[in-house]
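Have a look at the structure below, then the notes.
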Amino acid sequence: MNLKLKKVTQDEQNASPTAEKTAMQDFLGGLNDAQRTAVTTTKGPLLIVAGAGSGKTRVLTYRIAHLIQHGVKPWEVLALTFTNKAAAEMKERIGRICSEDAARRIWAGTFHSIFARILRMEAESLGYTNTFTIYDTDDQLSVIRNAMSSLGISTQTISAQSIRSAISSAKNQMASWQDYATNASDFRERQIAKVYETYERTLRRNNAMDFDDLLLNMIRLLESSEQMLAKYQTRFTHLLVDEYQDTNRAQYIAVQLLAGAHRNVCVVGDDAQSIYRWRGADIRNILDFQKDYPEATVVRLEQNYRSTKSILAAADGVIKHNRKQIPKTLWTENSDGDPILIVQSRDDREEAERVVTIIQQEVQSGGITPRDVAVLYRTNAQSQPLEDALRRSNVPYTIISGVSFYKRKEVKDTAAYLRLLINPNDGESLLRIVNEPSRGIGDTSLGRIQAWAEVQGIGLLDAFRRSGDIPSLMKRAQNAAYDFASLVDRFAGKRDELPPDELAQQYIESTGLLQMYREQHTDEAEDRYNNIVRLLTDISEYTLTEEEPSLQDYLQRLALMSDVDEADTTKNRVALMTLHAAKGLEFPVVIIAGAEEGLLPLVKDNSHADEREEERRLMYVGITRARERLYITYAERRMRFGSVEYSTPSSFLHELPEETVNWSARKRRSEQFERNRFDAPPAYSQPQLAQSAPQPAPRNIPMRMPATKPAPPPKPAAPMRPAFDDIPSTENYSQMDGGSTHVAVRRGMKVAHKLFGNGTVESVTGTGDNQKAVINFPGAGRKHLMIKFAKLEVIG
DNA sequence: CTCAAGTCTCCGAAC
DNA sequence: GAGACTTGAG
């Protein structure tokens, strides 16, 4: 039994055509009872509670294949997945079971990409044109910054970022700017309401939608008329929603509407893996499914085919500490497997070295190749030391997410040029690239053109075309603006003549962007140049492989591509990614790095218990990605935003059942370090710390390095080093430690500043990095300076 | 208007 | 520490 089941899982892994063909003949045979029910219940609402590794993807593919074999037309099936990659894989498998043609005709993709596709077709009825642009988070931010500056709201008072998330969460709860304004109860919210309004008007004027709009406009479309609703209810007779626990309010309503008539809706989810509450996911959607559909069939997939007993026990040990949890028992017939190894390190760099060692050992001991290993972490910033260490040791790796190719400035600029070509109303893209490369249209001229466009009630590009009519504009700027508009218009006119790739190449070459980088002759410019070429090459590939290629479609894919989508899994490389990005994936060997209090869980002192529970689910997701072996590493201190922070092992580690874990012995060198750090206190170390020597820093309080004390500075200011600077193994830390290298100043001191000359300190406020001083410079007046940045020299 | 240097902010995950 | 934004001199 065990063997047989394992074999099926492996077939799934290899996914060779023959294996899948065999599966086709009796694909129900390889399933357990619950899985079979999930596959064959084709009528009415169905809730599949699918534990981690319970063969969910297989069930979903078979289910669709089963539907098609029982007469449902492929194009009547709507499958909403969490990533486009998951959708593509699902289609591919269905292609092998049914036919390629059938697979191609299924509507499978993320909510965002499926809805974008539909909205393209129906754009006019909502007051957009079908060339609408999709704005990503960066685009949103720049619209918001512009709105704030025209409303006279300083980013000092409210950050653009916080307004962005306020608007997004309002939209997730389906609150319009009018709703928001009505409910705004304090000054801050009233300010946000104003920005929200301007933001919405700008997007409308730009013929643009943000991610949330793709969902909201779909709902508006469905609610616009009985006929419209009926049209899509009949078009899609069978709905599948994967990762249902991470759907938000808008997605929930869209599904309700679409399924309203036939109620053939199958949702799959696991409340234990809900990790997107922060972006509006509402766990009630899955918890209340049976209320919404009282007639629903409920299937629980509780047998795990992925992991060893140890790994499963570890996952269970952690998750059972959550109070809000549907009780469930995940079990497996797999072997016990190896215990989970917990690895301690001094700092993030040593942690990275150990991760490399683990990988090398895994590979050497046979059976494991780099692609079998994933390193998971909580924050993108953690990838850097890992990356350095892997590179040094020549271990092939690939980073999923992070600052990806498509988020680079030059790539975004290129995309903005293309977007403007497709959607001339896209003022945001225009502003982004109008002076890149420099065309002599600076802020002043741009401001005048914008003001004039506003008065005339025309689009920005229109105003550029008619720049000769703008009286306030200098002749030179008028010409520059006109030339820019002509450039765009010239290529917009060729949209139907040229294939997308040629159009893009000729146009981008004409913008001067490539030439600008060519002329700079720096390594950075060369990189940027190559990246643009890479994007153009990608467009060529797309043009060749798609049946009906269009720039518009290409740009849409670009905007809606998820981090995981762009991962190239064909190469044999270790995968580095965040825990969030790892959802839905599995690896024979998993290393979870940075298991420290304050990082994983990444919670602040005042955070709510709910947030802590979400962090725990994240840990759970990480653990359950592993099939054979799991390593968890943590460091005693690490660099965080430019300075060293201390922390204690994650409290989650103590939740792992003792018999499943193996705490690796702490390395000798590390103990040595501890002793040295506190036993050899030069003049400036703090006595309290010396007393607490063997104890780690208190829980939950990430401790900064002691700030330099205002001891009488010798003259000239001797290099004041942090206490541990003379420990050989800590290389570069002293330099990076912002809290300790700068000069300590006191009232009355004479100091020298590079720019302002000599002056006298009048007062000092704050401590550590935040220390500020008011200094009177006879030559330059009274200045308020941040000590950290001022680079002062004490002269007496 | 442009560029470079200086200053400041951001550090939580992402369609 | 990195990147975004601001500032001041040419």
Side-chain angles (χ1 to χ4, degrees), chain A residues 80-84 109-116 134-138 140-142 145 149 155-156 159-162 164-165 168 172 209-215 243 246-248 250-251 275-281 376-382 384-385 400-404 407-409 435 437-446 474 476-477 480 556-565 577-583 594 598-604 607 611 614-615 617-618 621-622 639-645 732 735-738 754-755 769 784-786 788-791:
Chain A
L80 298 162
T81 57
F82 201 70
T83 63
N84 289 306
T110 61
F111 275 92
H112 291 90
S113 50
I114 295 283
F115 288 0
I134 297 167
Y135 279 179
D136 68 14
T137 313
D138 284 345
Q140 289 183 284
L141 279 174
S142 93
R145 288 202 191 95
S149 90
T155 46
Q156 305 285 322
S159 76
Q161 181 56 56
S162 71
R164 197 207 68 81
S165 41
S168 181
N172 280 330
M209 298 187 198
D210 63 24
F211 291 137
D212 301 316
D213 287 334
L214 294 173
L215 309 176
E243 308 285 3
D246 278 327
T247 51
N248 64 25
Q251 289 167 325
I275 54 175
Y276 283 97
R277 221 175 61 108
W278 52 272
R279 74 171 201 213
L376 312 179
Y377 37 79
R378 179 64 177 81
T379 66
N380 278 310
Q382 286 168 259
Q384 206 168 315
I400 292 167
S401 167
V403 183
S404 73
K407 287 176 191 127
R408 284 162 175 257
K409 179 191 184 307
N435 216 20
S438 307
R439 295 190 170 85
I441 307 170
D443 284 347
T444 318
S445 306
L446 205 49
M474 305 226 298
R476 203 153 48 140
Q556 173 164 317
R557 290 180 192 210
L558 207 62
L560 297 179
M561 184 148 63
S562 74
D563 288 324
V564 182
D565 292 340
M577 70 190 92
T578 63
L579 288 155
H580 282 91
K583 188 164 93 155
L599 187 60
L600 176 62
L602 182 75
V603 284
K604 298 172 196 116
S607 33
E611 290 178 41
E614 178 143 321
E615 295 291 315
R617 290 193 292 269
L618 202 49
V621 166
M639 294 294 296
R640 269 183 101 185
F641 36 99
S643 57
V644 179
E645 285 190 4
N732 296 327
Q735 259 183 302
M736 302 185 224
D737 179 25
K754 203 172 127 199
L755 244 68
D769 284 359
H784 295 253
L785 300 171
M786 294 278 287
K788 187 183 177 186
F789 296 111
K791 299 195 181 104

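Reminder, nothing fancy here: chain letters follow the sequence lines and each chain counts from 1.
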In whole angstrom, give the distance that lies between atom CE of A:Met561 and atom P of B:dC15. 10 Å

So, is A:Ser562 near the phosphate of B:dC15, with a side-chain N or O under 4.0 Å from OP1 or OP2? yes

What one should report as the nearest heavy-atom pair of A:Gln251 and A:Leu215 is CG-CD1, 3.7 Å

Counting any heavy atom closer than 4.0 Å, what does A:Asp212 reach on the DNA or RNA strands: base, sugar-phosphate only, or nothing? nothing

Could you please name the option among B:dA14, B:dC15, B:dC3 that lies closest to any side-chain atom of A:His112? B:dC15

Of the candidates B:dT2, B:dC1, B:dG12, the side chain of A:Thr444 sits closest to B:dC1

Looking across every strand, which nucleic acid part, if any, lies under 4.0 Å from A:Arg164 by heavy atom: base, sugar-phosphate, or nothing? base

Are the side chains of A:Asn84 and A:Arg557 in contact, using a 4.5 Å heavy-atom criterion? no

A:Leu446 has an atom CG; how far is it from atom C1' of B:dC1, in whole Å? 13 Å

Interatomic distance, CG@A:Asn248 vs CG@A:Asp212, rounded to 0.5 Å, equals 7.5 Å

With centres under 5.5 Å and planes under 30°, do A:Tyr276 and B:dA13 count as stacked? no

Using only side-chain N and O atoms of A:Ser165, determine if any of them is under 4.0 Å from OP1 or OP2 of B:dG12. no

Give a yes or no on whether a donor-acceptor pair under 3.5 Å exists between the nucleobase atoms of B:dC15, that is its base, and the side chain of A:Ser113. no

Flag side-chain contact, heavy atom, 4.5 Å: A:Thr578 against A:Arg378: no

Would you say A:Ile275 and A:Leu579 make side-chain contact, with heavy atoms under 4.5 Å? no

Give a yes or no on whether the backbone of A:Ala281 and the side-chain of A:Asp246 come within a donor-acceptor separation of less than 3.5 Å. no

Of B:dC1, B:dG12, B:dA13, the nucleotide closest to the side chain of A:Thr578 is B:dA13

Nearest-nucleotide comparison on DNA chain B, the residue closer to the 5′ end among A:Arg476 and A:Phe111: A:Arg476

OP1 or OP2 of B:dA14 less than 4.0 angstrom from a side-chain nitrogen or oxygen of A:Asn380, does that happen here? yes

Which whole-number value in Å describes the distance from A:Asp246 CG to B:dA13 P? 17 Å

Separation of B:dC15 atom C1' from A:Asp138 atom CG, nearest Å, is 13 Å

Let me know the distance between CG of A:Asn248 and C1' of B:dC15, rounded to the nearest Å. 10 Å

Scan A:Thr137 against the nucleic acid and name what it touches under 4.0 Å (heavy atoms): base, sugar-phosphate only, or nothing. base

So A:His580 and A:Trp278, do their side chains get closer than 4.5 Å, heavy atoms only? yes

In terms of side-chain heavy atoms of A:Thr110, which of B:dG12, B:dA13, B:dC15 is nearest? B:dC15

Rounded to whole Å, the CG-C1' distance (A:Leu560 to B:dC15) equals 7 Å

Would you mind reading off the distance between A:Arg277 atom CZ and B:dA14 atom C1', rounded to a whole angstrom? 16 Å

Looking only at side-chain N and O atoms, does A:Asn435 come under 4.0 Å of OP1 or OP2 in B:dT2? yes

When you measure from the side chain of A:Phe211, which nucleotide among B:dC15, B:dA14, B:dC1 comes out closest? B:dC15

Of the listed nucleotides (B:dG12, B:dT2, B:dC15), which one gets closest to any side-chain atom of A:Arg279? B:dC15

P atom, C:dA4 versus B:dA13: distance in rounded Å? 15 Å

Under 4.5 Å between any side-chain heavy atoms of A:His112 and A:Ile134, yes or no? no

Name the closest nucleotide to the A:Gln161 side chain, picking from B:dC11, B:dG12, B:dC3. B:dC11

Nucleotide B:dA13, atom P - distance to CG of A:Leu376 in whole Å: 15 Å

May I ask you to test the A:Tyr276-A:Glu243 pair for a side-chain heavy-atom distance under 4.5 Å? no

Per A:Ser445 side chain, nearest of listed nucleotides B:dT2, B:dC1, B:dA14: B:dC1

What are the atom names and distances for every N/O pair under 3.5 Å that joins the protein to nucleotides 5-7 of chain C?
residue, atom, partner, partner atom, Å
C:dC5, OP1, A:Arg145, NE, 3.1
C:dC5, OP1, A:Arg145, NH1, 2.9

Base B:dG12 paired with A:Glu615 side chain (donor-acceptor, <3.5 Å): yes

